[in-house]
Amino acid sequence: MTTPHDVPASKFIERLAKYLKENIDEVQPVSWTSVAKTGMHVEKQPQNANWWYTRSASVLRKVYIHGPIGIEDLRSDYGGRKNRGSKPDRVKKAGGSNIRKILHQLEAAELIVTSRPEGRKMSPKGRKIMQDVAGDLTRELIKTVPELKKYQGE
């Protein structure tokens with residue numbers, strides 16, 4: 001069985017974002033996503049119109065890989081270096097609102113569950129979707145690079 005550990009993260013997140021956009025109705029961008037920045041360390045809002053789905057897929061993958069995980073850990077993961085002019089740069093956390101809303105939407109879709117006090121972790125439904133997407137991606141990668149067949153877990 002192929003898991004998200006077995007495929008390249010960038011390709012997996014792209015594929016999962018497409019899956020979330022097409023199949024999961026609960027994951028929808030909220031009204032302010034076109035004007036909001038993702039944290040105080042960035043200068044502009046995301047230029048990709050589908051950034052909400054990409055971030056949702058990335059959060060879902062992080063919950064799968066590192067779960068149970070909380071909002072503060074995710075804020076640290078998505079944070080970055082803040083340019084403070086002539087002063088030295090400092091590391092700042094990402095904004096918590098978009099991460100929180102994404103986690104609420106993923107919970108409404110029953111892909112993750114809350115485990116108090118640890119944080120969010122994967123539900124069986126979410127784990128199955130992640131493994132299905134990883135399996136489809138692996139089969140596609142094997143068609144382009146046949147040498148990867150020896151790494152397939154099936």
Side-chain angles (χ1 to χ4, degrees), residues 1-42 44-82 90-142 148-149 151-154:
M1 174 183 342
T2 307
T3 66
H5 295 281
D6 303 329
V7 293
S10 60
K11 293 180 187 285
F12 179 76
I13 289 171
E14 286 176 17
R15 178 68 56 94
L16 186 59
K18 183 179 175 188
Y19 179 87
L20 290 174
K21 184 176 182 179
E22 294 172 354
N23 298 319
I24 307 295
D25 294 332
E26 290 84 1
V27 178
Q28 295 291 327
V30 291
S31 60
W32 46 261
T33 57
S34 62
V35 295
K37 298 191 321 177
T38 57
M40 69 180 304
H41 64 286
V42 293
K44 298 181 185 177
Q45 66 269 20
Q47 300 302 305
N48 182 357
N50 294 324
W51 75 270
W52 188 263
Y53 299 105
T54 304
R55 179 61 57 99
S56 299
S58 177
V59 166
L60 192 58
R61 181 181 177 275
K62 282 192 181 289
V63 171
Y64 182 91
I65 301 285
H66 303 293
I69 190 169
I71 292 174
E72 288 300 311
D73 291 331
L74 290 169
R75 286 184 66 200
S76 296
D77 288 347
Y78 290 111
R81 192 172 61 200
K82 169 78 173 154
R90 306 253 337 238
V91 173
K92 297 293 183 180
K93 289 183 179 178
S97 181
N98 60 9
I99 294 171
R100 194 175 308 107
K101 300 283 190 223
I102 287 170
L103 288 173
H104 288 290
Q105 290 180 356
L106 293 173
E107 281 180 353
E110 298 177 353
L111 301 179
I112 60 175
V113 294
T114 301
S115 172
R116 292 224 156 81
E118 297 93 10
R120 267 63 172 215
K121 62 182 184 179
M122 293 301 295
S123 69
K125 178 182 175 185
R127 188 172 304 279
K128 179 170 181 352
I129 288 173
M130 299 282 280
Q131 291 170 351
D132 290 345
V133 170
D136 292 343
L137 182 60
T138 301
R139 284 188 283 283
E140 183 180 303
L141 289 174
I142 287 174
L148 293 175
K149 184 157 181 69
Y151 297 112
Q152 189 177 17
E154 295 175 356

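Source: prediction; values computed, not measured.
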*Asks:* Measure from the side-chain N and O atoms of Ser56 to the backbone N and O of Trp52, and report whether any donor-acceptor pair falls under 3.5 Å.
*Replies:*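 It does hold such a pair.
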*Asks:* Side-chain donor-acceptor pairs under 3.5 Å in residues 116-128, sequence neighbours left out?
*Replies:*
from, atom 1, to, atom 2, distance (Å)
Glu118, OE1, Ser115, OG, 2.6
Arg120, NE, Glu107, OE2, 2.7
Ser123, OG, Glu110, O, 2.7
Ser123, OG, Leu111, O, 3.0
Ser123, OG, Gly126, N, 3.2
Lys125, NZ, Ala109, O, 3.2
Lys128, NZ, Asp132, OD2, 3.0

*Asks:* Can you see which heavy atom on Ala134 is nearest to which on Thr2, and at what distance?
*Replies:*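 Closest approach of Ala134 to Thr2, heavy atoms only: O-CG2, 3.7 Å.
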*Asks:* Could you give all pairs that pass the salt bridge (charged side-chain N to carboxylate O under 4.0 Å, His left out) test and reach residues 23-33, with sequence neighbours left out?
*Replies:*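 Listed once each, the pairs would be none.
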*Asks:* Side-chain atoms of residues 31-41: list all donor-acceptor pairs with protein atoms under 3.5 Å, sequence neighbours left out, distances to 0.1 Å.
*Replies:*
from, atom 1, to, atom 2, distance (Å)
Thr33, OG1, Val30, O, 3.0
Lys37, NZ, Val42, O, 2.9

*Asks:* Who passes side-chain hydrogen bond (donor to acceptor under 3.5 Å, both in side chains) against Asp77, sequence neighbours left out?
*Replies:*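 Asp77: no side-chain hydrogen bond (donor to acceptor under 3.5 Å, both in side chains) contacts found.
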*Asks:* To the nearest 0.5 Å, what is the distance between CG (Leu106) and CD1 (Ile112)?
*Replies:*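 The distance works out to 5.0 Å.
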*Asks:* Within the distance-only criterion (no hydrogens, no angle test), does the side chain of Glu22 pair as donor or acceptor with the backbone N or O of Leu20 below 3.5 angstrom?
*Replies:*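 Looks like no, no N/O pair under 3.5 Å.
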*Asks:* Atom CE of Met130 and atom CD1 of Ile65: how far apart are they, to the nearest 0.5 Å?
*Replies:*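 Atom-to-atom, Met130:CE and Ile65:CD1 are 6.5 Å apart.
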*Asks:* Taking only residues two or more places apart in sequence or in another chain, which ones pass side-chain hydrogen bond (donor to acceptor under 3.5 Å, both in side chains) with Lys21?
*Replies:*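 Partners of Lys21 by the side-chain hydrogen bond (donor to acceptor under 3.5 Å, both in side chains) criterion, ordered by chain and then number, come out as Asn50.
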*Asks:* What residues, two or more places apart in sequence or in another chain, satisfy ring-ring contact (aromatic ring centres under 6.0 Å, His included) together with His104?
*Replies:*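 For His104 there are no ring-ring contact (aromatic ring centres under 6.0 Å, His included) partners, ignoring immediate neighbours.
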*Asks:* For Pro8 versus Leu137, what's the shortest heavy-atom pair and its separation?
*Replies:*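 Heavy atoms only, the tightest pair is O-CD2, 4.5 Å.
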*Asks:* Could I get the full list of salt bridge (Lys or Arg N to Asp or Glu O under 4.0 Å) partners for Glu140, not counting sequence neighbours?
*Replies:*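 Scan of Glu140 (salt bridge (Lys or Arg N to Asp or Glu O under 4.0 Å), adjacent residues dropped) gives Arg15.
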*Asks:* Within the structure provided, determine whether Leu74 and Leu103 are in side-chain contact (heavy-atom separation under 4.5 Å).
*Replies:*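 Yes; the side chains approach each other to less than 4.5 Å.
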*Asks:* Can you list the residues that meet the side chain to side chain contact (heavy atoms under 4.5 Å, CB included) rule with Arg81, with sequence neighbours excluded?
*Replies:*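 Once residues adjacent in sequence are excluded, the partners of Arg81 under the side chain to side chain contact (heavy atoms under 4.5 Å, CB included) criterion are Asp89.
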*Asks:* Indicate the atoms forming the closest heavy-atom contact of Asp73 with Ile69, along with that distance.
*Replies:*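 Closest heavy-atom pair between Asp73 and Ile69: CB-CG1, 3.6 Å.
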*Asks:* Mind checking what makes side-chain hydrogen bond (donor to acceptor under 3.5 Å, both in side chains) contact with Tyr19, not counting sequence neighbours?
*Replies:*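 side-chain hydrogen bond (donor to acceptor under 3.5 Å, both in side chains) list for Tyr19, sorted by chain: empty.
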*Asks:* Any sub-3.5 Å donor-acceptor pair from Asp136's side-chain atoms to Val133's backbone N or O?
*Replies:*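 Side chain of Asp136 to backbone of Val133, a donor-acceptor pair under 3.5 Å: no, none is there.
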*Asks:* How would you list, by chain and number, every residue that makes a ring-ring contact (aromatic ring centres under 6.0 Å, His included) with Tyr64, sequence neighbours excluded?
*Replies:*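 So Tyr64 forms a ring-ring contact (aromatic ring centres under 6.0 Å, His included) with His5.
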*Asks:* For Glu72, give me all partners under salt bridge (Lys or Arg N to Asp or Glu O under 4.0 Å), at least two apart in sequence or on another chain.
*Replies:*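 For Glu72 the salt bridge (Lys or Arg N to Asp or Glu O under 4.0 Å) partners, ignoring immediate neighbours, are Arg75, Lys93.
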*Asks:* Under the side-chain hydrogen bond (donor to acceptor under 3.5 Å, both in side chains) test, which residues partner Gln28, sequence neighbours left out?
*Replies:*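 By the side-chain hydrogen bond (donor to acceptor under 3.5 Å, both in side chains) rule, Gln28 matches Tyr53.
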